[in-house]
There are 2 protein chains.
Amino acid sequence: MRRWNGWGDEATYLELPDNGQSFLEEKVGSASPLENASYEQVEANVPASRLEESDLYTTDKKDRILHSRGQSLPDWLAMKSGEIGVFPDAVSYPESTDDVRRLLDQAKANNWVVIPYGGGTSVVGHINPLKDERPIITVDMGRMCRLLDLDEQSRIATFGAGVPGPLLESQLQAKGYTLGHFPQSFELSTLGGWIASRSSGQQSLKYGRIEQMFAGGKIETLDGTFDIPTYPASSAGPDIREWFMGSEGRFGIITEAKIRVTPIAEQEKFFVAFLPSWVNALNCVRNMVQAGIPMSMMRLSNAVETETQLALAGHEGQIKLLEKFLKFRGAGEGKCMLTFGLTHNKSQNNLSLSQVKKIISRFDGVYTGTMLGSRWKEKRFLFPYLRETLWERGYAVDTLETATDWDNVDYLLSEIENNLRSALGDEGEKVHVFTHLSHFYNQGCSIYTTYVYRTGDSYEETLNRWKKLKYSTSELIVNNRGTISHQHGVGLDHAPYMAIEKGEVSTGLIRHAAEYFDQNKQMNPGKLLVDGDLTATSTAEDSTPESSAQSV
Amino acid sequence: MRRWNGWGDEATYLELPDNGQSFLEEKVGSASPLENASYEQVEANVPASRLEESDLYTTDKKDRILHSRGQSLPDWLAMKSGEIGVFPDAVSYPESTDDVRRLLDQAKANNWVVIPYGGGTSVVGHINPLKDERPIITVDMGRMCRLLDLDEQSRIATFGAGVPGPLLESQLQAKGYTLGHFPQSFELSTLGGWIASRSSGQQSLKYGRIEQMFAGGKIETLDGTFDIPTYPASSAGPDIREWFMGSEGRFGIITEAKIRVTPIAEQEKFFVAFLPSWVNALNCVRNMVQAGIPMSMMRLSNAVETETQLALAGHEGQIKLLEKFLKFRGAGEGKCMLTFGLTHNKSQNNLSLSQVKKIISRFDGVYTGTMLGSRWKEKRFLFPYLRETLWERGYAVDTLETATDWDNVDYLLSEIENNLRSALGDEGEKVHVFTHLSHFYNQGCSIYTTYVYRTGDSYEETLNRWKKLKYSTSELIVNNRGTISHQHGVGLDHAPYMAIEKGEVSTGLIRHAAEYFDQNKQMNPGKLLVDGDLTATSTAEDSTPESSAQSV
């Protein structure tokens, strides 16, 4: 069963290896955990719904609790502490586009706030209800999860937009196809959520981002229905799909999506190499991607991430042998681990591997074959479970990500890491920070940084530490040619920084467009755009921990 | 020198081979040409400008004539007949973003109509001034044509947006790079025009459409400046670049563009094969593109285009030998010519070629090597000159293009061809129609149809024949899952059909966005969107031949 107050399935738990605890103590200090609120405590505090029961939705408290928060660290702290604050008044589970249409007509007529909900995996507050004088309905799309059509000639599959990753892939793979979209949230996140937040998966190097996959579909808005037809490409004016991607529920609800699929490749393999230094590693991956070799993924860990991964991997004996071998081959301290994948027909993969290996050699890298690559594949979706494991030992963990052009990658990465490392210095707290590059483009790549710090003596102190870390780094990113998000979207936490990144006129344009659909800010208000001027019927303040981000 | 009333440079003239004339007579009938107006006749009819001379622009008659029309067939007929109708009152030649800013501020203050002008190669009426009570200024971006910056690490080049294809490529290639954007209008069309109209080039299979190249830049609007930063990718809300691409001057003027470039490939070769039948050819190209082989272009001519190309190629003796050889190998009557290109490193090209040849063999195709491919490369931008050659013999030629998903390609292509072939049946006129597929995607491809018919006894009759052909086929396309344009944009001629294609709510959204920049419809009014409700200061009617398209 899914954890009500944390990540993923209760049956999955990531053990910390024996040396893990001492590693953390060395890096951050010894820690003691905060106490978690029980489900019963939370339920006792849920206020009565402001809506009557109806066949359009349920007002059951459990449904309202389970749809009150996503997976940002502030969400996590709210759930663990039991101080959730605002709950939706009702949760709707539509089973068809008609159901969604009916619900939105009612919402419009009655001035309800509507929050579209996919898998609830948002790490930036996308689905959090904010304090509002109007009743709030969360629309859980999970029942619209079927493969409705597969056109094998045009390679277009039509799905209910609430389909989560595994159900989408199993329905496609049964017919020999794949979408190839594997974000780390894959097990829970949904197709509609990927589209609404411009998601990117681990194998975007081959399959592209969701932008390349989303071909058309149906979107219901308060003020009309969009039925976007599929074309391979078009120059007939602006591309309406692009206006919806990243609209994060402000424009409407995606009910059906047509997506571009491909047959399962003949061969897929993942490989690992080690580069002796960061400079070599950075040049190596840039050369690899810019050579135009058909790969399906790359991930380059910097030295600290490499060290951390090897320390937390378990199999201490094997790892020691590996490190001895690597040191002998010239990749000792400061080495960086590079994982890459090839997904194509066998002859193409053979040629690609030989070309990749040449580039790795040019930068004095040590190619180690598929063993570690296969382990990466096995564990690719497990990382988020680590938060639970560390939490129980008194550590909070969060990630930050951005993307920037190649000429700025090294600089921005260093600035981010330095800022995080020193952000709690005034409290005498150490922060363990490490980074990998992933999602490679000719133009640049994404930078994905993890940071681990000790929880404070209280939830409030823990949250304040997060705010110091997150806000200062977010500001640093958007003021230094980074996007506030490469793959997590904007939601609540990133809204003030998106406004900086895009500037006043562009942000104004998006706001102007939102008004075409929704004059009263009923659709997911406060997300994507900073709604300082929420309608008279909603309060300008809200009680969520993130709200102060809006005043940055 | 550029032709004032036709395509391209006066020094280039495409000769019709000896057998060409008889081929045309057999297909369409013998014809006699209409008389062309002289430049002096046209100039004598240009009305006085409604604007005073200024250092912001010129009101010289020659400049106004040369910026009055694009290259659609109605434009062509207007220029050849001398009945041009409406001229801009002035032409501005800005040399910097500041110049554009200054001009737009004046335009806003004085309620001038503004038409951005790139290379004037539009085939759908993008740059035509329409009758308006307000003064009209055409902004020729041609002086903003320099390479301003090249970031070799991030592979981003910054150009003045008025740079035409050859000048863009020569500045890049001098430094070892290419953009790889080669639309048929390459010799004259400009970067800014490509962006504003969502252009696609012949080698889009490798380099992508302009959507994949345009990374950011500066756009001046009546109501503010957009400075769009470059990111390799972002999930920070809707992508503002995408809102401008295809906006066709309605939102503002692109002054500087940052584009993604790549080093010139180690090897580039073009090849030709012949498939014995259309069914085989269609399956062959779909299999080729869907196999994910790194190619740079494909073009598949149907049987009539193949026959026409070989008939008009000249070298009658050589062609006869080729046909004899092909027939011997099983590709006789009904054969279809497939041109394809490989642009990569040598090992990759070798592997790609072997994989392509296997697929061609599977569909009983005859691979003929690089000879005809090299000829394609030499002549790739010459086709538009054929219009002049045929015009002088009494034939009008125009093209239509769309894109659709694979499951619909064969059906839509047949419908288009049948409709064109019979559209002048009531006048007893034959139309010679042929088609190629190009711009291949996993999902489908573009369909590019050429039609040749006899000019009427008058310009009016000739235009009426075009209207019959164009309007009925455009309607057929958008009602049968085709886009009104894969690569030519919307402009004036396609505006009513874009509204059908996108539907009322999507078209309304684009109109709503345009109002964010331009409340008085000053920016290129009547293009992209049907402005039946032009502001009170402009007339609802205009005198251009295309205007009746708006009532379809």
Side-chain angles (χ1 to χ4, degrees), chain A residues 151 153-156 197-200 209 215 224 226 229-240 242-243 245-247 260 262 292 294 344 347-348 351 403-407 439 441-445 481 483-490 498 501-503 505-506 509-510 512-513 516 528, chain B residues 151 153-156 197-200 209 215 224 226-227 229-240 242-243 245-247 260 262 292 294 344 347-348 351 403-407 439 441-445 481 483-490 498 501-502 505-506 509-510 512-513 516 528:
Chain A
D151 172 352
Q153 255 195 84
S154 312
R155 296 185 169 179
I156 298 282
S197 64
R198 285 191 173 262
S199 164
S200 188
R209 296 168 58 85
F226 283 72
T230 60
Y231 302 108
S234 169
S235 67
D239 186 340
I240 295 296
E242 292 281 352
W243 297 40
M245 283 189 287
S247 63
R260 295 167 178 150
T262 48
H344 215 293
S347 340
Q348 181 64 59
L351 176 63
T404 197
D405 294 353
W406 280 116
D407 69 300
H439 303 280
Y441 306 86
N442 279 332
Q443 180 183 342
C445 67
R481 299 176 52 207
T483 172
I484 191 58
S485 177
H486 169 270
Q487 65 208 58
H488 290 156
V490 178
M498 185 190 87
E501 173 179 334
K502 290 203 192 287
V505 276
S506 291
L509 174 59
I510 297 170
H512 178 78
Y516 178 72
L528 184 67
Chain B
D151 173 352
Q153 256 194 84
S154 312
R155 297 186 168 178
I156 297 282
S197 65
R198 285 192 175 260
S199 164
S200 188
R209 296 168 58 87
F226 284 72
D227 198 342
T230 59
Y231 303 109
S234 169
S235 67
D239 186 341
I240 295 296
E242 292 281 353
W243 297 39
M245 284 190 285
S247 63
R260 296 168 177 149
T262 47
H344 215 292
S347 339
Q348 182 63 60
L351 176 63
T404 197
D405 293 353
W406 280 116
D407 68 300
H439 304 280
Y441 306 86
N442 280 331
Q443 181 182 341
C445 67
R481 299 176 52 207
T483 173
I484 192 59
S485 176
H486 169 271
Q487 66 208 57
H488 290 157
V490 178
M498 185 190 86
E501 173 179 334
K502 290 205 192 288
V505 277
S506 291
L509 174 59
I510 297 169
H512 179 78
Y516 177 73
L528 185 65

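Below, read A as the first sequence line, B as the second, and so on, with proteins coming before strands; counting in each chain starts at 1.
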Subject >> B:E501 and A:Y231: CA distance, side-chain angles, deciding distance, side-chain contact (heavy atoms from CB on, under 4.5 Å) verdict >> reply: CA-CA 11 Å; B:E501 173 179 334; A:Y231 302 108; 3.1 Å; yes

- Query: Listed by chain and number, what are the side-chain hydrogen bond (donor to acceptor under 3.5 Å, both in side chains) partners of B:S234, not counting sequence neighbours?
  - Reply: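 Applying side-chain hydrogen bond (donor to acceptor under 3.5 Å, both in side chains) to B:S234 gives A:T483.
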
Holding to side-chain hydrogen bond (donor to acceptor under 3.5 Å, both in side chains), I want the full list of residues that pass it with A:N442, two or more places apart in sequence or in another chain.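 For A:N442, no residue satisfies side-chain hydrogen bond (donor to acceptor under 3.5 Å, both in side chains) once neighbours in sequence are set aside.
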
Go through [options] and name the one with the most non-hydrogen pairs under 4.5 angstrom from chain B.
| options | value |
| --- | --- |
| A:G246, A:S197, A:P294, A:P238 | A:P238 |
| A:A403, A:A215, A:S247, A:G237 | A:G237 |
| A:V490, A:I156, A:D405 | A:D405 |
| A:D239, A:T262, A:L528 | A:D239 |

For the interface with chain A, which of [options] has the highest count of heavy-atom pairs at distances below 4.5 Å?
| options | value |
| --- | --- |
| B:I484, B:T404, B:D227 | B:T404 |
| B:G292, B:A233, B:C445 | B:A233 |
| B:R481, B:H488, B:K502, B:H439 | B:K502 |

Would you please classify the geometry between the B:W243 ring and the A:W243 ring as parallel, tilted or perpendicular, with 30° and 60° separating the classes?
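The arrangement is parallel - the two ring planes meet at less than 30°.
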
Residue pair [X] / [Y]: nearest heavy atoms and the distance that separates them:
| X | Y | value |
| --- | --- | --- |
| B:T230 | A:Q443 | CB-NE2, 3.5 Å |
| A:D407 | B:S154 | OD1-OG, 2.8 Å |
| A:A513 | B:H512 | CA-CD2, 4.1 Å |
| B:Q153 | A:W406 | OE1-O, 3.5 Å |

ask   = Measuring heavy-atom distances to chain B, does A:M498 have an atom under 4.5 Å in its side chain, in its backbone, in both, or in neither?
value =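 Contact with chain B: side chain only.
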
Could you tell me which portion of A:L351 (side chain, backbone, both or neither) has an atom closer than 4.5 angstrom to a non-hydrogen atom of chain B?
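The answer is the side chain of A:L351.
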
Any side-chain to backbone donor/acceptor pair from B:Y516 onto A:V505? Under 3.5 Å, distance only.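 Side chain of B:Y516 to backbone of A:V505: a pair is present.
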
- Item | Any side-chain heavy-atom pair of A:S485 and B:S235 under 4.5 Å |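 Yes; the side chains approach each other to less than 4.5 Å.
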
